[in-house]
There are 2 protein chains.
Amino acid sequence: MDLENAKAQMRKGVLEMCVLAVVAERETYPPEIIERLESVNLPMKEGTLYPLLVRLKSDGLVDYVWREGIKGPPRKYFAITEDGRAFLGELAASWRELVSAVDRTLALPSSRQAPSPGDPPPLLHIEPQQPFDDERS
Amino acid sequence: MDLENAKAQMRKGVLEMCVLAVVAERETYPPEIIERLESVNLPMKEGTLYPLLVRLKSDGLVDYVWREGIKGPPRKYFAITEDGRAFLGELAASWRELVSAVDRTLALPSSRQAPSPGDPPPLLHIEPQQPFDDERS
DNA sequence: ACAAGTACTTTGCATTACAAGGTAATCGTT
DNA sequence: AACGATTACCTTGTAATGCAAAGTACTTGT
């Protein structure tokens, strides 16, 4: 289990919201979306983005038009729809709830500090515990 | 695409960290871990937790001992290891980075406010845009 | 023409949460 | 002591989804 994998797993759940947020900012096309997300440290690959945009489009959360660029092939410029903007609002609210829940978990006593040398070794040398509330006789 | 699914996706990436945080707090056994997480609004099912604990154990991040309860069958009491505590520290740091990155994305202009009636319809009625920086030549 | 660059698309794989069902130990009641 | 209820642990199959890798197509420059 490596840290990189864990970080990737954490990112997975928010990519959809972040793409929607970037598209909500203004019309863009996929390579630009990727650049933007990378610029805030949220790497995303082509093979992830294109299918995601297809999903968002078929759910009516974004729409696109073909536009000719100054050079190269035509681009799909995406914009958010009204439904998309409403959904993004809900996603952002859920995100804030999640952040609050996770922070509450991380703030639990003993999960706070890094291991300091000289601490009493906490590993399974705990005396047999008194049950508190859940064992109704 | 429903909101519930999106919320579940967001949770997925952090469950491992949260379980580790709960176990870091003090020795516990699986049903209690589930209760704790539910109490902070992070639902997790048995079929998710047990295989996850197996992974954490085989990676040396947690350890367990069998203990007899006051009633019912014996329980596996889990505690975090030193390695686990170090890893939890890294996970928490990555989590904070992610929160910061996502918040930066959500703060992009136009993804902030909810749709207000009377706004100019923003959907793809934007005039053909001047490219800014990325079209070199 | 042809190569290079850019953009869009698709396929197969790995990870992982979960629903659903299964095994086993203990307890209370008869 | 037998049996159902409770509690705890475990396993299997499914679905979602990020990604690597490879493919298609349009445009530009030589």
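Both backbone and side-chain heavy atoms feed into the values below; hydrogens, waters and symmetry mates do not. Chain identifiers are assigned alphabetically (A, B, ...) following the order of the sequence lines, protein sequences preceding nucleic acid strands; residue numbering begins at 1 within each chain.
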Of all the nucleotides listed (C:dT26, C:dT10, C:dA7), which has the minimum atom distance to the side chain of B:Glu68? C:dT26
Taking the side chain as everything from C-beta on, heavy atoms only, tell me whether B:Ile80 gets closer than 4.5 Å to B:Leu56. no
Approximate separation, where rounding is to 0.5 Å, of B:Leu37 CG and B:Thr48 OG1: 11.0 Å
Rounded to the Å, how far apart are B:Ile33 CD1 and D:dC9 C1'? 12 Å
Using the rule that two of Ile, Leu, Val, Met, Phe, Trp, Tyr join whenever any of their side-chain heavy atoms come within less than 4.5 Å, decide whether A:Leu15 and A:Val54 are in one cluster. no
Rounded to whole Å, please give me the gap between CE in A:Met44 and C1' in C:dC8. 15 Å
Pairwise 5' ranking along DNA chain C for A:Gln9 and A:Val54, keeping only the more 5' one: A:Val54
Once you round it to whole Å, what is the distance between P of C:dC8 and CZ of A:Arg55? 17 Å
Distance below 4.0 Å between B:Asn5 side-chain N/O and D:dA15 OP1 or OP2: no
Phosphate oxygens OP1/OP2 of D:dA25: is one of them under 4.0 Å from a side-chain N or O of A:Arg75? no
Given DNA chain D, 5'-ward residue of the pair A:Pro74 and A:Gly47, judged by closest heavy atom: A:Gly47
Could you please name the option among D:dC19, D:dT11, C:dA17 that lies closest to any side-chain atom of B:Pro51? D:dT11
Roughly how many Å is it from CG in B:Leu53 to P in D:dT11, rounded to a whole number? 13 Å
Under 3.5 Å, is there a donor-acceptor pair between the A:Ser100 and A:Arg104 side chains? yes
Write down the distance between CD (A:Glu32) and C1' (C:dT6), rounded to a whole number of angstrom. 14 Å
To the nearest angstrom, how far is A:Leu42 atom CG from D:dC19 atom P? 11 Å
Donor-acceptor pair present, B:Glu46 side chain and D:dC9 base, under 3.5 Å: yes
Examine distances only and state if a side-chain atom of A:Thr81 and a backbone atom of A:Gly60 form a donor-acceptor pair shorter than 3.5 Å. yes
Minimum-distance nucleotide (side-chain atoms of A:Thr48 versus D:dT27, C:dC18, D:dC19): D:dC19
Closest to the A:Lys12 side chain, choosing from D:dG18, D:dT27, C:dC8: D:dG18
Nearest-neighbour nucleotide for the A:Pro73 side chain, D:dC19, C:dA17, D:dA25 considered: D:dA25
Grab the CE-P distance between A:Met10 and D:dT17 for me, whole Å please. 19 Å
How many Å lie between CZ on A:Arg11 and C1' on D:dT17, as a whole number? 14 Å
Answer with base, sugar-phosphate or nothing: what part of the nucleic acid does A:Lys45 contact at a heavy-atom distance below 4.0 Å? sugar-phosphate
Charged N to carboxylate O below 4.0 Å: is that the case for B:Glu27 and B:Arg67? yes
Respond yes when some side-chain nitrogen or oxygen of A:Tyr50 is under 4.0 Å from OP1 or OP2 of C:dC8, and no when none is. yes
Is there a side-chain polar atom (N or O) of B:Lys76 under 4.0 Å from OP1 or OP2 of D:dC10? yes
